[in-house]
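FYI, side chains are in, hydrogens and waters are out, and symmetry mates aren't considered; it's all heavy atoms of this structure.
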Amino acid sequence: MGTPNRLGDIEITDPQAMRALAHPVRLAILDHLRRHGPATATQLAPDVGATPSVTSWHLRHLAGFGLVRDSEPGPDRRQRRWEAAARGFRFEAPLDPADEEGQAAARVLSQQMFRRYADLPSRWADEVGPALDPTWLRLAGLANTRVVVSAEELAAIEDGIERVLAPYVTRDPAERPADGRGVLLMRYVLPEGSEGQVGKAGAEEQAGQAGESGESERAGESGQTRKAP
């Protein structure tokens with residue numbers, strides 16, 4: 001059911017690795033290394049909310065599952081530098097309902113990630129958005145679109161999104177535009193519970209209420225259509 005790995009992410013299938021990553025400090029470590037590049041435990045500590053010794057312990061734990069690795073030494077060769085093993089990571093809950101360990105581990109990691117990023121859009125709106133020039137501000141924001149699809153169609157949508165993103169994610173840094181800047185594209189894929197299903201029986205009513213493409217809500221400033229930051 002998963003989509004091809006077009007972005008070069010590490011694919012996590014081991015439930016123990018999922019549980020190891022389901023920790024706020026470890027997620028913060030990976031975020032920092034992916035965004036800022038190699039760093040020592042001492043350099044990471046203030047940003048991840050732990051002491052250098054505790055940060056070092058978490059780094060070694062992540063290394064045990066192949067999520068971080070040693071980097072080239074810096075000016076001070078006495079300090080161990082770390083780097084993320086890949087641009088990102090991905091995981092899926094197993095399809096086998098009997099794999100309770102795998103399903104539980106995927107659920108725990110998902111919950112921890114939702115908690116970590118839950119307030120990011122509001123912080124962006126308070127701290128970053130007001131300082132952006134209009135060219136960038138008009139392209140930022142939120143899109144909330146509801147569609148009625150099968151599981152196979154949803155997988156195709158995800159694959160299409162990654163197909164568009166892949167050339168920008170994987171291109172060499174030297175090929176980035178001179179006026180480029182980092183943009184965080186957040187997407188939440190939230191299938192509804194069974195009571196939200198709309199099959200053929202409800203299709204005509206659904207179309208009459210919301211149009212053929214489903215229900216769409218878009219929020220923005222001054223009438224601008226906004227995309228996810």
Side-chain angles (χ1 to χ4, degrees), residues 5 7-93 101-102 104-132 140 142 165 168-170 173 176 180-190 228-229:
N5 187 352
L7 307 185
D9 297 331
I10 286 180
E11 298 191 25
I12 303 176
T13 58
D14 181 357
Q16 291 186 348
M18 294 182 200
R19 289 190 179 277
L21 188 52
H23 188 287
V25 171
R26 293 170 194 161
L27 287 173
I29 286 172
L30 278 184
D31 278 351
H32 189 287
L33 293 177
R34 289 200 308 266
R35 181 170 183 176
H36 301 290
T40 66
T42 300
Q43 293 169 332
L44 286 165
D47 186 63
V48 303
T51 65
S53 61
V54 170
T55 302
S56 180
W57 182 85
H58 283 301
L59 281 162
R60 292 194 302 272
H61 202 66
L62 289 170
F65 291 100
L67 297 171
V68 301
R69 63 193 177 200
D70 284 306
S71 180
E72 291 294 325
D76 186 350
R77 292 178 174 270
R78 296 171 299 176
Q79 290 190 314
R80 189 177 186 181
R81 295 211 313 164
W82 300 87
E83 65 182 14
R87 294 183 178 90
F89 65 89
R90 63 179 61 199
F91 63 99
E92 293 180 336
E101 180 184 9
R107 184 165 56 250
V108 169
L109 179 52
S110 294
Q111 291 171 343
Q112 189 61 241
M113 291 179 65
F114 273 117
R115 293 189 187 102
R116 172 165 177 76
Y117 302 114
D119 68 338
L120 196 153
S122 61
R123 286 192 287 111
W124 178 91
D126 292 338
E127 301 168 9
V128 180
L132 289 177
L142 170 70
L165 288 178
Y168 303 100
V169 173
T170 60
R176 294 170 181 168
R181 67 171 63 192
V183 177
L184 180 60
L185 299 171
M186 300 182 68
R187 67 183 192 270
Y188 291 82
V189 181
L190 307 174

(request) Classify the angle between the aromatic ring planes of His32 and His36 as parallel (below 30°), tilted (30 to 60°) or perpendicular (above 60°). (result) tilted
(message) Does any part of the side chain of Phe89, heavy atoms only, come nearer than 4.5 Å to the side chain of Arg34, both counted from C-beta?
(response) yes
(message) Tell me if a side-chain donor or acceptor on Arg26 pairs with a main-chain N or O of Leu21 at a distance below 3.5 Å.
(response) no
(message) If we ignore hydrogens and angles and just use 3.5 Å, is the side chain of Ser110 paired with the main-chain N or O of Ala106 as donor and acceptor?
(response) yes
(request) Evaluate the side chain to side chain contact (heavy atoms under 4.5 Å, CB included) criterion for residues Asp31 and Asp47: first the C-alpha distance (whole Å), next the side-chain angles of each, then the deciding distance (0.1 Å), finally the verdict. (result) CA-CA 10 Å; Asp31 278 351; Asp47 186 63; over 6 Å; no
(request) Heavy atoms only: give me the nearest Ala86-Asp9 pair and the separation to one decimal. (result) CB-C, 4.5 Å
(message) Can you confirm whether Pro15 sits close enough to Arg19 that some side-chain heavy atom of one is under 4.5 Å from a side-chain heavy atom of the other?
(response) no
(message) As a test of understanding, state which of Ile29, Val68, Thr40, Thr55 forms a side-chain contact (heavy atoms from CB on, under 4.5 Å) with Trp82.
(response) Val68
(request) With the side chain counted from C-beta on, respond yes when His58 and Val48 share a heavy-atom pair under 4.5 Å apart, and no when they do not. (result) no
(request) Look up atom OH in Tyr117 and atom CD in Gln112, then write down how far apart they are to the nearest 0.5 Å. (result) 10.0 Å
(request) Measure the CG-CD distance between Asn5 and Glu11 for me, rounded to the nearest 0.5 Å. (result) 4.5 Å
(message) Students often mix this up, so state it plainly: with edges at 30° and 60°, are the rings of Tyr188 and Phe114 parallel, tilted or perpendicular?
(response) parallel
(message) Is it the case that atom CD in Gln16 sees more than 12 heavy atoms from other parts of the structure closer than 6.0 Å?
(response) no
(request) Please check if atom OH in Tyr168 has more than 12 non-hydrogen atoms from other residues, nucleotides or ligands closer than 6.0 Å. (result) no
(request) With rounding to the nearest 0.5 Å, note down the distance linking CG in Leu59 to CZ in Arg81. (result) 13.0 Å
(message) For a quick test of reading the model, state the closest non-hydrogen atom pair linking Val108 to Ala22 and the distance between them.
(response) CG1-CB, 3.7 Å
(request) Return the minimal non-hydrogen interatomic distance between Pro52 and Ala45, and the atom names on each side. (result) N-CB, 3.7 Å
(request) Taking all non-hydrogen atoms of both residues into account, name the closest pair between Thr42 and Gln79 and its distance. (result) OG1-NE2, 4.0 Å
(request) Mind checking the CD-CG spacing from Glu127 to Leu120? Nearest 0.5 Å is all I need. (result) 9.0 Å
(message) Show the nearest heavy-atom pair for residues Ala85 and Arg69, with the distance to one decimal.
(response) O-NH1, 3.5 Å
(message) Applying the side-chain contact (heavy atoms from CB on, under 4.5 Å) criterion to Ile12, which one of Glu92, Arg90, Met18 satisfies it?
(response) Met18
(message) Does Arg116, at its CZ atom, have more than 12 non-hydrogen atoms belonging to other residues, nucleotides or ligands within less than 6.0 Å?
(response) yes
(message) With a 4.5 Å cut-off on side-chain heavy atoms, are Val25 and Val54 touching?
(response) no
(request) Please tell me if the side chains of Met113 and Leu27 come closer than 4.5 Å, counting only heavy atoms from C-beta onward. (result) yes
(message) Could you tell me if the side chain of Leu132 sits less than 4.5 Å from the side chain of Trp124, heavy atoms only?
(response) yes
